[in-house]
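The structure appears below as C-alpha coordinates.
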Amino acid sequence: MSRENDQTIEVYERFGDRYLERNQNDIKNDPKARDNDDKHVLQLKEYLKGLPKDAKIFEVGSAGGRDAKIFQSLGYKNIVVSDVANRFLKLLKEEGFSPIYFNLITDNFLEKYDFIYCWAVLVHFTKNEAKVAIKKMFEALEKYGRLALCVQYRDGVKEDWVDRDGKIGAKRYFSYWTKDELYECMVGAGFRKVIIEAHEGTKSCWLRCYAEK
(Lines give C-alpha, C1' and ligand atoms only; values in the text may rest on other atoms or scores of the structure.)
Protein backbone atom coordinates (compact mmCIF):
# COMPACT_ATOMS: atom_id res chain seq x y z
CA MET A 1 0.00 0.00 0.00
CA SER A 2 1.34 3.44 -0.90
CA ARG A 3 2.33 6.15 1.53
CA GLU A 4 -0.36 8.34 -0.05
CA ASN A 5 -3.17 5.92 0.72
CA ASP A 6 -1.82 4.86 4.10
CA GLN A 7 -1.54 8.42 5.41
CA THR A 8 -4.97 9.35 4.06
CA ILE A 9 -6.54 6.42 5.92
CA GLU A 10 -4.85 7.68 9.07
CA VAL A 11 -6.53 11.07 8.57
CA TYR A 12 -9.94 9.38 8.43
CA GLU A 13 -9.08 7.38 11.55
CA ARG A 14 -8.39 10.61 13.41
CA PHE A 15 -11.02 12.90 11.90
CA GLY A 16 -13.71 10.66 10.38
CA ASP A 17 -16.44 12.01 12.65
CA ARG A 18 -15.63 15.58 11.68
CA TYR A 19 -15.62 14.67 7.99
CA LEU A 20 -19.11 13.18 8.16
CA GLU A 21 -20.47 15.97 10.35
CA ARG A 22 -19.30 18.68 7.97
CA ASN A 23 -20.73 16.83 4.98
CA GLN A 24 -24.08 16.66 6.74
CA ASN A 25 -23.92 20.35 7.64
CA ASP A 26 -23.18 21.23 4.01
CA ILE A 27 -26.31 19.39 2.89
CA LYS A 28 -28.34 21.03 5.63
CA ASN A 29 -27.13 24.61 5.12
CA ASP A 30 -26.00 24.87 1.48
CA PRO A 31 -28.83 24.78 -1.13
CA LYS A 32 -26.41 23.68 -3.86
CA ALA A 33 -25.08 20.82 -1.73
CA ARG A 34 -28.65 19.80 -0.89
CA ASP A 35 -29.61 19.85 -4.57
CA ASN A 36 -26.55 17.75 -5.43
CA ASP A 37 -27.55 15.26 -2.73
CA ASP A 38 -31.05 14.95 -4.20
CA LYS A 39 -29.58 14.38 -7.65
CA HIS A 40 -27.24 11.77 -6.20
CA VAL A 41 -30.21 9.72 -5.02
CA LEU A 42 -31.72 9.86 -8.51
CA GLN A 43 -28.36 8.78 -9.96
CA LEU A 44 -28.24 5.73 -7.69
CA LYS A 45 -31.73 4.74 -8.80
CA GLU A 46 -30.50 4.82 -12.42
CA TYR A 47 -27.49 2.64 -11.58
CA LEU A 48 -29.81 0.07 -9.95
CA LYS A 49 -32.52 0.18 -12.60
CA GLY A 50 -33.60 -3.33 -13.56
CA LEU A 51 -31.41 -4.96 -10.92
CA PRO A 52 -33.36 -7.64 -8.99
CA LYS A 53 -34.06 -6.85 -5.35
CA ASP A 54 -32.17 -9.97 -4.26
CA ALA A 55 -29.03 -8.87 -6.10
CA LYS A 56 -25.74 -9.12 -4.21
CA ILE A 57 -24.25 -5.66 -3.63
CA PHE A 58 -20.81 -4.80 -2.27
CA GLU A 59 -20.09 -1.23 -1.19
CA VAL A 60 -16.41 -0.33 -0.95
CA GLY A 61 -15.87 2.48 1.54
CA SER A 62 -19.25 2.90 3.20
CA ALA A 63 -18.08 5.66 5.61
CA GLY A 64 -21.19 6.68 7.58
CA GLY A 65 -23.61 4.45 5.65
CA ARG A 66 -25.44 7.15 3.69
CA ASP A 67 -25.60 5.27 0.39
CA ALA A 68 -26.16 1.88 2.01
CA LYS A 69 -29.29 3.38 3.59
CA ILE A 70 -30.43 4.54 0.15
CA PHE A 71 -29.95 1.00 -1.23
CA GLN A 72 -32.01 -0.36 1.64
CA SER A 73 -34.76 2.21 1.09
CA LEU A 74 -35.00 1.00 -2.51
CA GLY A 75 -35.62 -2.57 -1.37
CA TYR A 76 -32.09 -4.02 -1.53
CA LYS A 77 -31.13 -6.00 1.56
CA ASN A 78 -28.26 -8.22 0.38
CA ILE A 79 -25.59 -5.59 0.88
CA VAL A 80 -22.03 -5.98 2.11
CA VAL A 81 -21.11 -2.75 3.91
CA SER A 82 -17.37 -2.18 4.30
CA ASP A 83 -14.64 0.30 5.10
CA VAL A 84 -10.92 0.41 5.75
CA ALA A 85 -11.07 2.97 8.58
CA ASN A 86 -11.90 1.55 12.00
CA ARG A 87 -13.46 4.89 12.93
CA PHE A 88 -16.04 4.42 10.17
CA LEU A 89 -16.59 0.76 11.03
CA LYS A 90 -17.52 1.80 14.56
CA LEU A 91 -19.94 4.43 13.27
CA LEU A 92 -21.52 1.93 10.86
CA LYS A 93 -22.16 -0.49 13.71
CA GLU A 94 -23.82 2.32 15.65
CA GLU A 95 -26.07 2.87 12.62
CA GLY A 96 -27.22 -0.75 12.78
CA PHE A 97 -25.02 -2.24 10.05
CA SER A 98 -22.74 -5.27 10.29
CA PRO A 99 -19.75 -3.89 8.39
CA ILE A 100 -16.60 -5.73 7.43
CA TYR A 101 -13.05 -4.41 7.27
CA PHE A 102 -12.04 -4.36 3.62
CA ASN A 103 -8.98 -2.79 2.04
CA LEU A 104 -9.46 -2.67 -1.73
CA ILE A 105 -5.71 -2.53 -2.29
CA THR A 106 -4.63 -5.48 -0.13
CA ASP A 107 -7.77 -7.60 0.34
CA ASN A 108 -9.53 -9.88 -2.14
CA PHE A 109 -13.25 -10.34 -2.74
CA LEU A 110 -14.32 -13.75 -1.48
CA GLU A 111 -17.27 -14.15 -3.87
CA LYS A 112 -18.86 -12.51 -6.89
CA TYR A 113 -21.41 -9.70 -6.86
CA ASP A 114 -24.08 -8.25 -9.12
CA PHE A 115 -23.20 -4.66 -8.27
CA ILE A 116 -20.07 -3.13 -6.77
CA TYR A 117 -20.28 0.46 -5.59
CA CYS A 118 -17.04 2.38 -5.00
CA TRP A 119 -17.90 6.04 -4.47
CA ALA A 120 -15.21 8.66 -3.73
CA VAL A 121 -12.70 5.94 -2.82
CA LEU A 122 -10.29 5.84 -5.77
CA VAL A 123 -9.71 9.60 -5.36
CA HIS A 124 -7.26 8.61 -2.59
CA PHE A 125 -5.45 5.95 -4.66
CA THR A 126 -2.41 6.48 -6.82
CA LYS A 127 -3.13 5.79 -10.49
CA ASN A 128 -1.35 2.44 -10.35
CA GLU A 129 -3.32 1.40 -7.26
CA ALA A 130 -6.60 2.47 -8.87
CA LYS A 131 -5.91 0.50 -12.05
CA VAL A 132 -5.26 -2.68 -10.05
CA ALA A 133 -8.37 -2.03 -7.94
CA ILE A 134 -10.61 -1.56 -10.99
CA LYS A 135 -9.37 -4.83 -12.48
CA LYS A 136 -9.97 -6.54 -9.13
CA MET A 137 -13.55 -5.25 -9.02
CA PHE A 138 -14.13 -6.41 -12.59
CA GLU A 139 -13.04 -9.92 -11.66
CA ALA A 140 -15.36 -9.86 -8.61
CA LEU A 141 -18.47 -9.16 -10.69
CA GLU A 142 -20.91 -11.76 -11.93
CA LYS A 143 -21.45 -11.95 -15.68
CA TYR A 144 -23.28 -8.76 -16.71
CA GLY A 145 -22.46 -7.31 -13.27
CA ARG A 146 -22.31 -3.57 -12.75
CA LEU A 147 -19.76 -1.19 -11.25
CA ALA A 148 -20.30 2.43 -10.24
CA LEU A 149 -17.44 4.63 -9.11
CA CYS A 150 -16.30 8.22 -9.19
CA VAL A 151 -12.98 10.03 -9.38
CA GLN A 152 -12.07 13.70 -9.61
CA TYR A 153 -10.76 15.98 -12.34
CA ARG A 154 -8.72 19.18 -12.00
CA ASP A 155 -7.45 20.95 -15.08
CA GLY A 156 -3.67 20.58 -15.30
CA VAL A 157 -3.32 18.86 -11.89
CA LYS A 158 -2.49 15.18 -11.54
CA GLU A 159 -2.28 14.85 -7.75
CA ASP A 160 -2.00 16.86 -4.54
CA TRP A 161 -2.35 16.88 -0.77
CA VAL A 162 -5.10 19.19 0.42
CA ASP A 163 -7.59 19.89 3.22
CA ARG A 164 -10.32 21.63 1.24
CA ASP A 165 -11.69 24.62 3.16
CA GLY A 166 -10.27 23.15 6.35
CA LYS A 167 -12.96 20.48 6.10
CA ILE A 168 -11.18 17.90 8.22
CA GLY A 169 -8.15 19.53 9.81
CA ALA A 170 -5.49 17.51 7.98
CA LYS A 171 -4.44 17.08 4.36
CA ARG A 172 -5.54 14.06 2.35
CA TYR A 173 -4.03 12.70 -0.86
CA PHE A 174 -6.06 13.17 -4.07
CA SER A 175 -5.36 11.90 -7.59
CA TYR A 176 -7.05 13.48 -10.61
CA TRP A 177 -8.19 11.85 -13.83
CA THR A 178 -9.26 12.92 -17.28
CA LYS A 179 -12.24 11.27 -18.98
CA ASP A 180 -9.92 9.61 -21.49
CA GLU A 181 -7.68 8.17 -18.76
CA LEU A 182 -10.62 6.71 -16.89
CA TYR A 183 -12.28 5.34 -20.01
CA GLU A 184 -9.07 3.62 -21.17
CA CYS A 185 -8.61 2.12 -17.71
CA MET A 186 -12.16 0.75 -17.59
CA VAL A 187 -12.00 -0.73 -21.08
CA GLY A 188 -8.56 -2.11 -20.34
CA ALA A 189 -9.95 -3.89 -17.30
CA GLY A 190 -12.47 -5.65 -19.56
CA PHE A 191 -15.71 -3.67 -19.20
CA ARG A 192 -17.90 -3.83 -22.32
CA LYS A 193 -20.07 -0.80 -21.53
CA VAL A 194 -18.64 2.35 -19.95
CA ILE A 195 -20.48 5.63 -19.35
CA ILE A 196 -18.60 8.59 -17.84
CA GLU A 197 -20.29 11.86 -16.95
CA ALA A 198 -18.71 15.03 -15.57
CA HIS A 199 -20.50 16.60 -12.64
CA GLU A 200 -19.60 19.94 -11.09
CA GLY A 201 -19.82 19.52 -7.35
CA THR A 202 -19.77 22.26 -4.75
CA LYS A 203 -15.98 22.06 -4.41
CA SER A 204 -14.67 20.14 -7.44
CA CYS A 205 -15.47 18.34 -10.69
CA TRP A 206 -16.39 14.67 -10.35
CA LEU A 207 -16.22 12.06 -13.07
CA ARG A 208 -19.06 9.58 -12.44
CA CYS A 209 -18.56 6.20 -14.08
CA TYR A 210 -21.05 3.39 -14.65
CA ALA A 211 -19.80 0.18 -16.28
CA GLU A 212 -21.09 -3.28 -17.12
CA LYS A 213 -19.11 -6.51 -17.42
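Within the 4.5 Å cutoff, the side chain of Lys45 has heavy atoms near those of the Leu74 side chain. A 4.5 Å side-chain heavy-atom check between Thr8 and Asn5 finds every atom pair outside the cut-off. By the 4.5 Å heavy-atom criterion applied to side chains, Lys136 and Lys131 are not counted as neighbours. Looking only at side-chain heavy atoms (C-beta outward), Leu149 and Arg208 stay at 4.5 Å or farther from each other. Taking 4.5 Å as the limit, every side-chain heavy atom of Ile100 sits out of range of all side-chain heavy atoms of Asp83. Side-chain contact between Cys209 and Val194 is present, with heavy atoms from C-beta onward closer than 4.5 Å. Here the side chains of Tyr76 and Asp114 are not in contact, with every heavy-atom distance at 4.5 Å or above. Side-chain contact between Tyr12 and His124 is present, with heavy atoms from C-beta onward closer than 4.5 Å.
Summarising the local packing, OH of Tyr183 is surrounded by 12 or fewer heavy atoms from other residues, nucleotides or ligands at distances under 6.0 Å. Shown here is Lys53, whose NZ atom has more than 12 heavy atoms of other residues, nucleotides or ligands within 6.0 Å. For Lys49, the NZ atom sits in a loose shell: 12 or fewer heavy atoms of surrounding residues, nucleotides or ligands are nearer than 6.0 Å.
Residues forming a salt bridge (Lys or Arg N to Asp or Glu O under 4.0 Å) with Glu13 (at least two apart in sequence, or on another chain): none. Listed by chain and residue number, Lys135 satisfy the salt bridge (Lys or Arg N to Asp or Glu O under 4.0 Å) test with Glu139 (two or more places apart in sequence, or in another chain).
To the nearest 0.5 Å, atom OH of residue Tyr47 and atom CG of residue Asp67 are 10.5 Å apart. In this structure, CD1 on Ile116 lies 13.0 Å from CZ on Arg146, to the nearest 0.5 angstrom. Taking CD1 of Ile9 as the reference point, atom CG of Asn86 lies at 10.0 Å (rounded to 0.5 Å). To the nearest 0.5 Å, atom CZ of residue Arg172 and atom CH2 of residue Trp161 are 11.0 Å apart. Note: Phe125 CZ to Ile134 CD1 = 10.0 Å, rounded to the nearest 0.5 Å.
Looking at Glu159 and Tyr173, their side chains do bring a donor and an acceptor atom within 3.5 Å of each other. In this structure, a donor-acceptor pair under 3.5 Å is present between the side chains of Asp160 and Tyr176. In the model, Ser2 has a side-chain atom that pairs as donor or acceptor with a side-chain atom of Glu129 under 3.5 Å.
Nearest approach of Val121 to Val60, heavy atoms of both residues: CG2-O, 3.3 Å. A pairwise comparison of heavy atoms in Leu122 and Ala133 identifies CD2-CB, 4.1 Å as the closest pair.
Val84 and Ile105 fall within a single hydrophobic cluster, where Ile, Leu, Val, Met, Phe, Trp and Tyr are joined by side-chain heavy atoms under 4.5 Å apart, directly or via other members. Residues Val123 and Val132 are members of separate hydrophobic clusters, defined by side-chain heavy-atom contacts under 4.5 angstrom among Ile, Leu, Val, Met, Phe, Trp and Tyr.
Between the side chain of Lys213 and the backbone N or O of Phe138 there is at least one donor-acceptor pair closer than 3.5 Å.
No close placement of the Trp177 and Tyr153 rings is indicated, their centers lying 6.0 Å or farther apart.
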Step-by-step side chain to side chain contact (heavy atoms under 4.5 Å, CB included) determination, Leu207 to Glu197: CA-CA 6 Å; Leu207 299 179; Glu197 298 176 326; over 6 Å; no
Determine, step by step, whether Ser175 and Lys158 satisfy the side chain to side chain contact (heavy atoms under 4.5 Å, CB included) criterion, reporting the C-alpha distance in whole Å, the side-chain angles of both residues, the deciding distance to 0.1 Å, and the verdict. CA-CA 6 Å; Ser175 62; Lys158 291 187 177 296; over 6 Å; no
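Ion pair Lys56/Glu111 flagged as a salt bridge, since at least one NZ, NE, NH1 or NH2 atom sits closer than 4.0 Å to an Asp/Glu carboxylate oxygen. Asp54 and Lys77 are not joined by a salt bridge, as no carboxylate oxygen comes within less than 4.0 angstrom of a charged side-chain nitrogen. Ionic pairing of Glu95 and Lys69 is present here: one or more N-O contacts between side-chain nitrogen and carboxylate oxygen are shorter than 4.0 angstrom.
Aromatic ring orientation, Phe102 versus Phe109: tilted (interplanar angle from 30° to 60°). Ring-plane geometry between Phe115 and Tyr117 is classed as tilted, the angle between the planes lying from 30 to 60 degrees on a 0 to 90 degree scale.
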